[in-house]
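Here's the structure, in C-alpha cells; my notes come after.
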Amino acid sequence: MKIKNICCIGAGYVGGPTMAVIAQKCPEINVTVVDINEKRIEAWNDEDVENIPIYEPGLSDVVSEARGRNLFFSTDVDAAIDQADMIFISVNTPTKTYGIGKGMAADLKYIELCARQIARVAKDDKIVVEKSTLPVRTAQALKNILDNTGNGVNYQILSNPEFLAEGTAVDDLMDPDRVLIGGDIDTEEGNEAVQALVDIYAHWIPEDKILTTNVWSSELSKLTANAFLAQRVSSINAMSELCEKTGADVSEVSKAVGMDSRIGSKFLKSSVGFGGSCFQKDILNLVYIAKSFGLNEVADYWHQVILMNDHQKKRFAANIVKTLFNTVSGKKIAFLGWAFKKDTNDTRESSAIYVADYLLNEQAEIVVYDPKVKKEQIYADLDYLNSRSEEENRQRVTVVNQPYEACQDAHAVAVLTEWDEFEGYDWQKIYDNMLKPAFLFDGRKLLDRKKKEEIGFEFYAIGS
Ligand SMILES: NC(=O)c1ccc[n+]([C@@H]2O[C@H](COP(=O)([O-])OP(=O)(O)OC[C@H]3O[C@@H](n4cnc5c(N)ncnc54)[C@H](O)[C@@H]3O)[C@@H](O)[C@H]2O)c1
Ligand SMILES: O=c1ccn([C@@H]2O[C@H](COP(=O)(O)OP(=O)(O)O[C@H]3O[C@H](CO)[C@@H](O)[C@H](O)[C@H]3O)[C@@H](O)[C@H]2O)c(=O)[nH]1
C-alpha cells in the first residue's frame with residue numbers, strides 16, 4: 001500500500017518537526033499538519049521562516065525546503081482527515097488536573113476528540129497512527145470509538161511513539177537510534193499497515209533500525225524509555241547531594257561511572273532537576289497505570305524518581321537562601337536561563353519556574369534573561385502556579401533582553417539552563433557590576449569554577 005496523503009493532527013513540538021522531516025524526505029507524499037490553535041498555524045505559515053513557533057536548531061531550513069511543496073499547515077482539520085490515507089495523532093496528553101487520576105493519569109480528552117472527529121469525517125479506510133505518548137492499551141479505546149461511531153470504514157491503528165528530544169529534534173529525526181512501530185501484526189491487514197509506515201521511514205532510515213512489535217509493547221516501550229532516562233538523571237542527582245557532603249565531585253563520579261560500558265556515559269549530567277513536558281508526565285502516568293493494576297511496589301519504585309527530582313529543585317533554591325545569609329527578601333537574583341534545557345524555547349516543567357517560585361515566596365526580586373524564551377511565557381509559567389497574584393509576579397519578576405542588564409546590581413546570579421553562550425560572557429564585567437559578596441549558583445555545572453573564584457565570585461555548583 002502506497003501512502004499519498006498524510007494528515008497530522010497537532011502542530012506542536014512533535015507534530016511540526018516530525019512532519020517537516022517526513023515531508024522533506026518523502027517529496028512524493030503530501031503532508032498536511034493541522035491544529036485548532038489558529039495562532040500556531042499562522043506562525044507555521046509565516047513568510048519569514050525564522051518566525052515558526054518552535055525553535056529547534058536546523059528546523060527552519062527543513063521547513064523552508066518542504067513548505068508549500070508537499071508540506072502544508074492548516075486549521076481545516078476535516079479536509080485534511082478526509083484527504084489522508086494515513087493520520088498521525090500528535091496532540092498533547094498532559095497530566096489530568098481534575099477528577100479521577102488527577103495529578104497522575106494522562107488526560108486523553110484531546111486524543112478522544114481526534115478519534116471522534118476522524119470517525120465523523122472519514123469516508124474511506126484509514127491508517128491511524130498514535131504519535132502522542134499514550135498509556136498502554138489506548139489503541140483499544142481508539143479502535144472502539146472509531147469502529148462504533150464511524151461510517152463503517154476500516155481502521156488500522158498503529159503505535160509509533162516519538163523519541164526525539166527537544167533541542168536536538170532535527171538531528172534525532174534524521175538519524176534516530178530506532179523507529180518503533182507497533183501494529184496488529186497477527187493479521188494481514190495489520191501487517192500491511194505496519195509495512196506502509198515502515199516504507200515511509202525507510203526513505204531515510206536503515207531498515208535494521210526500524211523495529212516492529214505488537215501495539216502494546218510499542219505503547220509501553222515509550223513510557224519505559226522515558227522512565228529509564230529520567231531515572232538516570234535522578235540517580236546522578238541523588239549522588240550530587242552526597243558529593244556536596246563528602247568532597248567528591250559529581251562530574252568526576254559520573255565520568256568514572258559512565259566509562260563502564262555496561263552503564264554508559266549519556267544522561268549522567270547532574271542538574272537542578274529534569275524538566276520538560278515529558279518525563280514527569282510520563283512517569284506519573286506509568287505510576288498510575290501500575291497502581292491501577294494493584295502493583296503498588298512497582299508504582300512506588302518509579303514514583304521515587306519524581307520525588308528525587310522535586311527535592312533537587314527545592315534544595316537548589318533553599319541553598320540560595322541559606323547562602324545569602326538566610327534571607328533573600330528584597331534581594332535581586334539574576335536568572336540566566338528559563339527554558340528546561342538549551343536550544344529550545346520550551347519552558348514546560350522547567351526547573352527555573354519552581355526555583356523562581358520558591359525564591360518569590362521568600363520575597364526575592366528576580367530578573368530573568370533567556371536567549372529564546374519570550375517575556376509573556378515567563379509570566380504565564382509563574383501565573384499558572386497560582387502562588388500569588390498576576391500583578392505581584394509582574395512587580396517582582398523582570399524579564400530583560402540582555403544578560404549584563406540582568407546581572408547589574410544583583411546579589412546573586414543563578415544559572416538555570418545550560419545555554420552555551422553563558423560561559424562565554426565577560427564574567428569580570430558581571431562581577432564588577434554586582435553587589436558584594438557576589439554569589440554565583442551554577443545549577444547546570446556549566447561554568448568553570450576556578451576562573452570564577454579567581455575573579456572573586458562566591459561560587460556554588462550542584463554536586464561539588
Ligand atoms: N515535546 C516532546 O519533546 C515530545 C517528544 C516525544 C513525544 N511527545 C509526545 O507527543 C505529544 C505531543 O507533544 P507536543 O510537545 O508536540 O505537544 P504540544 O502541546 O506542543 O502540541 C500539541 C498540539 O495539539 C493541538 N491539539 C490538541 N487537540 C487538538 C485537536 N482536537 N485537533 C487539532 N489540534 C489539537 C494543540 O493545539 C497543540 O498545538 C504528547 O503526547 C507528548 O507526550 C512529546
Ligand atoms: O544528563 C542529563 C540529561 C538531561 N537532563 C535534563 O532532563 C530534562 C529532559 O531532557 P531531554 O531528555 O534531553 O529532553 P526532552 O525533550 O524532555 O526529551 C525526553 O522526553 C521526550 C518526550 O517523551 C522523549 O522523546 C526523549 O527521548 C526524551 O529524552 C532536561 O531538563 C535536561 O536538562 C539532565 O539534567 N541531565
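None of the values given here were measured: they were computed from a predicted structure. Whatever order the structure lists ligands and atoms in, that order sets their numbers, starting from 1. The basis for the numbers below is simple: all heavy atoms, side chains too, and nothing from hydrogens, waters or symmetry mates.
For ligand 2, the polar-atom distance check against Glu166 finds a nitrogen or oxygen pair separated by under 3.5 Å. Polar contact with ligand 2: absent for Gly273 (N/O pair, distance under 3.5 Å). Considering backbone and side-chain N/O of Thr133, one or more are found under 3.5 Å from N/O of ligand 1. Considering backbone and side-chain atoms together, Phe279 places no N or O closer than 3.5 Å to any N or O of ligand 2. Inclusion of Gln117 in the set of residues having an N or O under 3.5 Å from an N or O of ligand 1 is not warranted. In terms of polar-atom proximity, Arg348 is counted as a contact of ligand 1, with an N or O under 3.5 Å from an N or O of the ligand. For a threshold of 3.5 Å applied to N or O pairs, the pair formed by Leu164 and ligand 2 contains at least one separation below that value. Taking distance alone, with nitrogen or oxygen atoms compared against 3.5 Å, Phe340 approaches ligand 2 more closely than that limit. Residue-to-ligand polar distances keep Thr133 apart from ligand 2: every N/O pair is separated by 3.5 Å or more. Geometrically, ligand 2 and Glu418 share no nitrogen or oxygen pair separated by less than 3.5 Å.
Protein heavy atom nearest atom 7 (O) of ligand 2, with residue, atom name and distance: Phe274 CB, 3.2 Å. Of all protein heavy atoms, the one lying nearest to atom 5 (N) of ligand 2 is Val233 CG2, 3.9 Å. Counting protein heavy atoms only, atom 10 (O) of ligand 1 is closest to Val14 CG2, 3.6 Å. Looking only at protein heavy atoms, the nearest one to atom 11 (C) of ligand 1 is Val91 O, 3.3 Å. Scanning all protein heavy atoms for the shortest distance to atom 27 (O) of ligand 2 gives Phe163 O, 2.7 Å. In this structure, atom 32 (N) of ligand 1 lies nearest to the protein heavy atom Ile9 CG2, 3.5 Å. In this structure, the protein non-hydrogen atom closest to atom 4 (C) of ligand 2 is Phe267 CE2, 3.6 Å. Nearest non-hydrogen protein atom to atom 29 (O) of ligand 2 is Leu229 CD1, 3.7 Å. Looking only at heavy atoms of the protein, atom 36 (N) of ligand 2 is closest to Lys269 O, 2.7 Å. The protein heavy-atom contact nearest to atom 27 (C) of ligand 1 is Asn92 OD1, 3.3 Å.
Annotation: the span from Leu360 atom CG to Ser387 atom OG amounts to 8.5 Å, rounded to 0.5 Å.
A parallel orientation is assigned to the rings of Phe441 and Phe439, their planes being inclined by less than 30° (bins at 30° and 60°).
Here is the list of ligand 2 atoms found below 4.0 Å of a heavy atom in Cys278: 20 (O), 21 (C), 22 (C), 23 (O). Close approach of ligand 2 to Gly275 (heavy-atom distance below 4.0 Å) involves ligand atoms 8 (C), 9 (C), 30 (C), 31 (O). Within ligand 2, the atoms closer than 4.0 Å to a non-hydrogen atom of Ser271 are 34 (C), 35 (O), numbered from 1 in the order shown. Of all atoms in ligand 1, listed by their number and element, those nearer than 4.0 Å to a heavy atom of Cys278 are 2 (C), 4 (C), 44 (C). Atoms of ligand 1 lying under 4.0 Å from at least one heavy atom of Tyr13, given by number and element, are 1 (N), 14 (P), 15 (O), 16 (O), 20 (O). Remark: ligand 2 atoms within the under-4.0 Å shell around heavy atoms of Lys222 are 22 (C), 23 (O), 24 (C), 25 (O).
By the criterion of a heavy-atom distance under 4.0 Å, the backbone of Leu268, and not its side chain, is placed next to ligand 2. With a 4.0 Å heavy-atom cut-off, ligand 2 is reached by no atom of Arg232. Residue contacts with ligand 2 for Arg444 involve side-chain atoms from C-beta outward but no N, CA, C or O (heavy atoms, distance under 4.0 Å).
For Lys131 and Phe88, the positive end is not near the middle of the six-membered ring at less than 6.0 Å and at most 45° from its axis. For the pair Lys126 and Tyr155, the cation does not sit on the ring face, since its NZ or CZ is not both under 6.0 Å from the ring centre and inside 45° of the axis. Relative to the six-membered ring of Phe340, Arg348 misses at least one condition, a distance below 6.0 Å or an angle of at most 45° to the axis.
Heavy-atom separations between Lys266 and ligand 2 are all 4.0 Å or longer. Residue contacts with ligand 2 do not include Glu349, since none of its heavy atoms lies under 4.0 Å from the ligand. A heavy-atom separation below 4.0 Å is found between Lys222 and ligand 1.
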Carefully, step by step, assess Thr75 and Glu42 under the rule side-chain hydrogen bond (donor to acceptor under 3.5 Å, both in side chains). CA-CA 9 Å; Thr75 50; Glu42 220 172 86; over 6 Å; no

Under the criterion side-chain hydrogen bond (donor to acceptor under 3.5 Å, both in side chains), I'd like the reasoning laid out for Asn214 against Ser217: C-alpha separation, chi angles, the key distance, then a yes or no. CA-CA 6 Å; Asn214 79 31; Ser217 303; 3.2 Å; yes

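When the heavy-atom distances from atom 3 (O) of ligand 1 to Lys281, Glu162, Glu166 are ranked, the shortest goes to Glu166. Nearest to atom 13 (O) of ligand 2 by heavy-atom distance, out of Lys341, Lys281, Glu162, is Lys341.
No donor-acceptor distance shorter than 3.5 angstrom exists from the side chain of Ser270 to the backbone of Ser240, with no hydrogens or angles considered.
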